[in-house]
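Below you'll find the structure, written out as structure tokens, and then a few comments.
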Amino acid sequence: MPVKKQDGLLKDFMAEAEEIIESMEQNLYALDTERNSASGSSPNTVHSMFRAIHTLKGAAGMIGLISLSSLSHHMEDLLDKLRLGKLNVTEPMISLLTEATQLLRTMLQSMNTPEKKPIDPAPMISRIEKMLVQGSEGEAPAPVGEGMGIDPEILKTFTEYETHRLKENLKNRLRIFEMRVKYKIESFDLDLGRTLEQIKPHGEVITSLPASGLSPGAGILFKIIIASKEDLVHKEVKWTGESVEISEIEKSAGPLAPVFGSTDPQVGPAGSNDEASESLKSVTQTVRVDISKLDVLMNIVGELVLSKTVIQQQGNALIDKNSFSDTGLDFQKTLERIGRKIGELQESLIQVRMTPIGQIFDRFVRMVRKISREIKKPVNIHISGEETALDKSMIESIADPIMHLIRNAIDHGLESKDERAAAGKPETGNIYLRAFQKGNHVLVEVEDDGQGIELSAVYQKALEKNLADPKKEYSRKELVDFLFLPGFSTSKTITDLSGRGVGLDVVAKNIAKMSGMVSVESEPGRGAKFSITLPITLIIIRALIVKIGGNTYAIPINSVSESLMVNRKDIQSVDGREVIQLREQTISLLRLEELFRLETADSNQGSLYVIVIGAAEKRIGLVVEHLLGQQEIVIKSLGGVLGTLPGIAGACELGNKKIILVLDVAMLIDEVLKKNKKI
């Protein structure tokens, strides 16, 4: 059944397919790691991939995506042979599955650009077929049950995969146990999942099936067959379930038969009891929602926030007019209750949009391993904080900047094996990818243990490009800032990874678009750390409303460090730029009237307001005329030509229905830094 791009069925499929591909990629990384471990590959990993690709094949076929379904079908055949032990887990096998999975992702992404030529999976299918043929040569499986000491009649109730796993476990001299667990009928699927997770550290689940013997009102009974090295009968574990019984199965006995198919004429096959079937209900609470629908809801909440502000102003006017009358006070109390509920709605909706950043971190693990093999430079990547939540709309936007930083760390930061050995370091380089929440911001760090930033090389390149003044002494921070200029690269050779002068300037621009900032720390011989600071969400934010050059602007409050009153005599001039001394740091001043070429009457008063914006070392002082207070705002894009104005992030509406511009703090800081370098 062919579908159009706008059909809801295709949207649902793409959301599910993306989850499946993410799962496949994670399992492929786990499989590669397990292959090199002492215990070898886990059968659960391969089996999970088989189930995932089987689901994708069926879903793609159902909506008429034949090419996607065909590729999935051949991958399923390959994974089936792997899980049945007919093929071995090798590096070429993992590489083939990784490329096939990446092709699935590419085919999925191409559905959003129908003008492009459809991707033909035939070459990949041909490679998979060759691998299948090679694995089939010389196959002569032993008869089922041979040498196992188990009655062949019992084994007939097993699937081929379950039979294979039972054979492998018995061959490895593991003990076989039967676990009988009773669950409540309304929560058995969740409880069964918890039990299976509890079993994993102690053994392998060969199969789990419902059994007869209980009425629906009394619950539901499951029998789970487990292979383990441990004595599960006497193992002290607080298993999930209303009652749990565990017994060890003798290899030659026949008590297994009732588990897989009862011969009781009153009961029928497992799962066929009509009364039980009618009483089962889904307890899954997850609903997939298109992000565009959440955007619509968020805009509505934003309008409610603005309306609340208007009503609040009217309420204050009513109280001022009628003093503290009962009507005015009741109005104020009602408004406070509405405000709290709108705040709760806003917070809940923001939480719905939040997604763990770990969903993109997994991609970098695979990328590092791939690059490491290609350039023959051993690299390990260490991840922490993957559970840190960020707005869904920002998750994908930050992927490219992080990718640039990691590629630069591998190419520029980490030394070769010989260089690391000469420096007394382990041959394998390390990259640390971290994420954590700090107040209303999320910090993402990319750190390496390489050679650090060679500041002398940065200085020489800056001189070559006429960016640096040979007569001026530059601080470490000023030299590092050169790296973020367009076309700047210290690489002596052009490689696939770097050297073309495209990278850190792109990082800075992309982060600035998200109202974020990038800072750098580096120590020679010890490595470098790039820190990205981002707001948790860009939908509804609190802003400081200021007046500059006779115009009103909004500054996102999460970018404001502090505000202060500065005496004019405390403003100094350094290399032609205005600065103030704030504690132990020198802060450059920015007059927006000059940047935007606004007409303003400079007052002769002895002091002026300065708003310190930015974070860490990247801070500047913004000179303003008046502070008008704080307010929650909803940033709207200006679109078209106006959307590219430097220093402007968008527009918003105030409670008095006045439209004002929202300042782009990151871009303003960049403008000041560029101006400072030109001086």
Side-chain angles (χ1 to χ4, degrees), residues 364 367-368 371-372 374-382 401-434 444-509 511 517-532 616-618 670 673-674 676-678:
F364 302 127
M367 182 188 80
V368 168
I371 294 174
S372 175
E374 288 176 352
I375 67 175
K376 295 181 172 55
K377 182 187 285 189
V379 182
N380 282 335
I381 182 168
H382 310 271
I402 295 177
M403 180 193 70
H404 278 301
L405 294 178
I406 291 177
R407 290 166 73 95
N408 277 344
I410 296 174
D411 201 27
H412 289 300
L414 296 177
E415 310 95 330
S416 66
K417 289 193 294 185
D418 294 340
E419 289 171 333
R420 291 182 68 86
K425 297 180 180 180
E427 288 187 351
T428 302
N430 295 288
I431 293 176
Y432 302 88
L433 181 57
R434 312 182 189 96
V444 180
E445 296 179 346
V446 179
E447 183 176 5
D448 65 74
D449 65 350
Q451 59 192 344
I453 297 173
E454 192 177 346
L455 295 179
S456 60
V458 173
Y459 178 65
Q460 289 301 321
K461 182 61 69 172
L463 287 176
E464 290 176 19
K465 290 181 170 288
N466 295 321
L467 297 171
D469 183 354
K471 298 178 182 179
K472 178 182 175 182
E473 287 191 16
Y474 289 87
S475 66
R476 292 176 59 85
K477 175 185 175 299
E478 288 174 325
L479 290 173
V480 167
D481 287 340
F482 280 122
L483 296 172
F484 291 93
L485 296 178
F488 194 95
S489 175
T490 58
S491 181
K492 297 176 183 177
T493 58
I494 294 178
T495 67
D496 289 337
L497 283 181
S498 62
R500 301 178 187 274
V502 178
L504 292 183
D505 65 312
V506 175
V507 169
K509 287 178 182 177
I511 296 301
M517 287 172 289
V518 187
S519 60
V520 187
E521 298 174 28
S522 177
E523 188 175 343
R526 300 289 296 274
K529 179 170 71 175
F530 289 78
S531 301
I532 300 173
E617 294 182 349
K618 281 196 170 184
D670 285 342
L673 293 177
K674 289 177 186 176
N676 292 346
K677 287 183 175 64
K678 292 175 182 177

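- Scored by the ring-ring contact (aromatic ring centres under 6.0 Å, His included) test, Tyr432 finds His382 as partners (sequence neighbours excluded).
- The side-chain heavy atoms of Glu447 and Glu521, taken from C-beta on, include no pair separated by under 4.5 Å.
- Once rounded to the nearest 0.5 Å, the distance linking NZ of Lys377 with CZ of Arg420 reads 9.0 Å.
- Here CZ of Phe364 is found 4.5 Å from CD1 of Ile402. Values are rounded to the nearest 0.5 Å.
- Remark: Ala462 pairs with Leu467, Ala468, Phe482, Phe488 by the side chain to side chain contact (heavy atoms under 4.5 Å, CB included) rule, at least two apart or across chains.
- Of the inter-residue distances, the one linking Leu483 atom CG with Ser522 atom OG reads 9.0 Å to the nearest 0.5 angstrom.
- Residues Pro401 and Val507 share a closest heavy-atom pair of O-CG2, 3.7 Å.
- With rounding to the nearest 0.5 angstrom, the NZ atom of Lys461 is 11.0 Å from the CG atom of Leu463.
- For the atom pair OG (Ser531) and CE (Met517), the distance works out to 11.5 Å, reported to the nearest 0.5 Å.
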* Worked check of side chain to side chain contact (heavy atoms under 4.5 Å, CB included) between Ile406 and Val446 -> CA-CA 7 Å; Ile406 291 177; Val446 179; 4.0 Å; yes
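- Listed by chain and residue number, Arg434 satisfy the side chain to side chain donor-acceptor pair (under 3.5 Å) test with Glu445 (two or more places apart in sequence, or in another chain).
- Judged as a side chain to side chain contact (heavy atoms under 4.5 Å, CB included), and not counting sequence neighbours, the contacts of Pro378 are Lys417, Thr428.
- Looking at residues two or more places apart in sequence or on another chain, you find a side chain to side chain donor-acceptor pair (under 3.5 Å) between Lys425 and Glu415.
- Residues passing the side chain to side chain donor-acceptor pair (under 3.5 Å) test with Ser456, sequence neighbours excluded: none.
- For the atom pair Ile511 CD1 and Ser519 OG, the distance stands at 11.0 Å (nearest 0.5 Å).
- A distance-only check finds a donor-acceptor pair linking the side chain of Gln451 to the backbone of His412 [under 3.5 Å].
- The backbone N or O of Leu414 sits nowhere less than 3.5 Å from a side-chain atom of Asp448 that would complete a donor-acceptor pair.
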* To do: For side chain to side chain contact (heavy atoms under 4.5 Å, CB included), just list the numbers for Val480 and Leu455, CA-CA rounded to whole Å, side-chain angles, deciding distance to a tenth of an Å, and then say yes or no.
  => CA-CA 7 Å; Val480 167; Leu455 295 179; 3.9 Å; yes
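- Between Tyr474 and Asp469, the shortest heavy-atom contact is OH-N, 2.7 Å.
- Across every non-hydrogen atom of Leu479 and Val458, the tightest pair is O-CG1, 3.2 Å.
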